[in-house]
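In what follows, chains carry the letters A, B, and so on, assigned in the order in which the sequence lines appear, proteins first and then strands, with residues in each chain numbered from 1. Just so it is clear, the values below take in all heavy atoms, side chains as well, and ignore hydrogens, waters and symmetry mates.
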Number of protein chains: 2
Amino acid sequence: MKDVAILLHEASGLLRRRFEQAARPEGLTLMQWRALGLLDQQGPLRQVAIGEALEASPMTISDLADRLESAGLVTRATDPSDSRAKVLELTETGATKLRTMRRISEAVFAQVFAGVTERETAALRQGLLKLKKNLGGAAPSAPEKDVQDEREN
Amino acid sequence: MKDVAILLHEASGLLRRRFEQAARPEGLTLMQWRALGLLDQQGPLRQVAIGEALEASPMTISDLADRLESAGLVTRATDPSDSRAKVLELTETGATKLRTMRRISEAVFAQVFAGVTERETAALRQGLLKLKKNLGGAAPSAPEKDVQDEREN
DNA sequence: CTTCATCCATAAGCCTCCGTATTATATAAG
DNA sequence: CTTATATAATACGGAGGCTTATGGATGAAG
């Protein structure tokens, strides 16, 4: 249990390192890549929505958006229907970068999962999903939203 | 594959957040706790050895050591047999903090693994271990060290 | 219309984590 | 001894990540 938790922490860090090493020519970090991918498949999104999808705090997304914007990968416009909110949208440059990244990311994941069987991958997915659920992470596509949040601290 | 990799990243971040939230009263981060635990079971270690055990870069350990030292949890002394190296050793304060953390960490892990069966935990462990191996991470206690490192980049 | 709670984004501040470059020491080769 | 190479730690710089605090906007209630 404890060892698995630590293993999780280690594997995640190693994966991140490997990914960003492979993506260095493109100058993208794992989080940046995930954000661009999200915008690509969901269309323009508010920062708060990105934060929920990526399980990150609003501040983290704000910082992230700064860099994506100054790199020209996204535009950041005030939401017409709510002037507090800002909507991020993938630029052509961002979309192109994402296409370039496809080969890189696939190569990394193929290497990381080398020798891992279908069964093992499925078990990993199932286990991680359970942990994520226990940690309060929203399910990938569950509109379920009854957060009861009884603080135990 | 890609989804599992992302799940790994998310679960790890959530776990870290939850752990550090629970450990806030003690002011310990996950990495700090892991470092103290390592020193507790292995005895005094050089920073480079800590880095290998924790799968972190030398710089990360250097920063970490700064904070552990100034918090009085470890001592940092020059290695008599190599004046370049520094040896970290747990202080009494550090050992005490570690004992206090035992309850906290166990509570966190119990919560995170709630409803996860033995089989699932084992599968998770096995899968993560494979990923870690593919990522170049050393096995937990394997003196095997034939790193071939054919760079593919 | 005004008040109040809520919400979105962000500034400030701090720690984590990393790659790169540097310093100092150790070790191997000449 | 001297030079070259490798190694241990770290200064520097930068992204990631969080909490707390703030400012501006929205929306519901009066």
How is A:M31 classified with respect to the nucleic acid when contacts are heavy atoms under 4.0 Å: base, sugar-phosphate, or nothing?
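If one applies the 4.0 Å heavy-atom cut-off, A:M31 turns out to touch the sugar-phosphate alone, with no base involved.
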
Determine the contact category for A:A56: base if any of its heavy atoms lies under 4.0 Å from a base atom, sugar-phosphate if only primed atoms, P, OP1 or OP2 are that close, otherwise nothing.
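Sugar-phosphate: the residue A:A56, judged by heavy atoms under 4.0 Å, touches backbone atoms but no base.
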
Assuming nearest nucleotide by heavy-atom distance, tell me which of A:A65 and A:H9 is located more 5' along DNA chain C.
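Per heavy-atom nearest nucleotide, the more 5' residue is A:A65.
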
Need to verify one output field. Residue with the more 5' nearest nucleotide on DNA chain C, A:G13 or A:A49?
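The residue closer to the strand's 5' end, by nearest nucleotide, is A:A49.
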
Measure the distance from [atom1] on [X] to [atom2] on [N] and round it to the nearest whole Å.
{"X": "A:E20", "N": "D:dA15", "atom1": "CD", "atom2": "P", "answer": "11 Å"}
{"X": "A:I61", "N": "D:dC18", "atom1": "CD1", "atom2": "C1'", "answer": "12 Å"}
{"X": "A:Q32", "N": "D:dA15", "atom1": "CD", "atom2": "P", "answer": "8 Å"}
{"X": "A:L28", "N": "D:dG14", "atom1": "CG", "atom2": "P", "answer": "18 Å"}
{"X": "A:I50", "N": "D:dG16", "atom1": "CD1", "atom2": "C1'", "answer": "16 Å"}
{"X": "B:L30", "N": "D:dC18", "atom1": "CG", "atom2": "P", "answer": "14 Å"}
{"X": "A:R67", "N": "D:dG13", "atom1": "CZ", "atom2": "C1'", "answer": "13 Å"}
{"X": "A:L73", "N": "D:dA15", "atom1": "CG", "atom2": "P", "answer": "13 Å"}

So, the side chain of [X] versus the backbone of [Y]: is there a donor-acceptor pair under 3.5 Å, distance only?
{"X": "B:E89", "Y": "B:L45", "value": "no"}
{"X": "B:D79", "Y": "B:V87", "value": "no"}
{"X": "B:Q32", "Y": "B:T29", "value": "yes"}
{"X": "A:S62", "Y": "A:P58", "value": "no"}

Pair B:E20 + B:R24: basic N to acidic O under 4.0 Å
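A salt bridge is absent here (no side-chain N lies under 4.0 Å from a carboxylate O).
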
On the nucleotide [N], are OP1 or OP2 found under 4.0 Å from the side-chain N or O atoms that [X] carries?
{"X": "A:S83", "N": "D:dT26", "result": "yes"}
{"X": "A:T60", "N": "D:dG16", "result": "no"}
{"X": "B:R76", "N": "D:dA8", "result": "no"}

Taking atom types as they are modelled, would you say the side chain of B:R84 forms a donor-acceptor pair with the base of D:dT7 within the 3.5 Å cutoff?
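Flag set: donor-acceptor pair detected.
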
Hey, what do you get for CE (A:M31) to CG (A:L64), rounding to the nearest 0.5 Å?
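Here the interatomic distance stands at 6.0 Å.
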
Residue mapping more 5' on DNA chain D - nearest nucleotide basis, A:R16 or B:V87:
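Between the two, 5'-proximity favours B:V87.
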
Assuming nearest nucleotide by heavy-atom distance, tell me which of B:R24 and A:D82 is located more 5' along DNA chain D.
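Its nearest nucleotide being more 5', the pick is B:R24.
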
Would you tell me whether A:S57 and A:T60 have side-chain atoms, one donor and one acceptor, within less than 3.5 Å of each other?
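Yes, A:T60 and A:S57 have a side-chain donor paired with an acceptor closer than 3.5 Å.
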
Leading and trailing nucleotides of DNA chain C with any atom under 4.0 Å from heavy atoms of chain B
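Contacts span C:dC15 to C:dA26, reading 5' to 3'.
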
Beyond-backbone contact of B:K2 with A:E106, side-chain heavy atoms, under 4.5 angstrom
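Counting from C-beta outward, B:K2 and A:E106 never come under 4.5 Å.
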
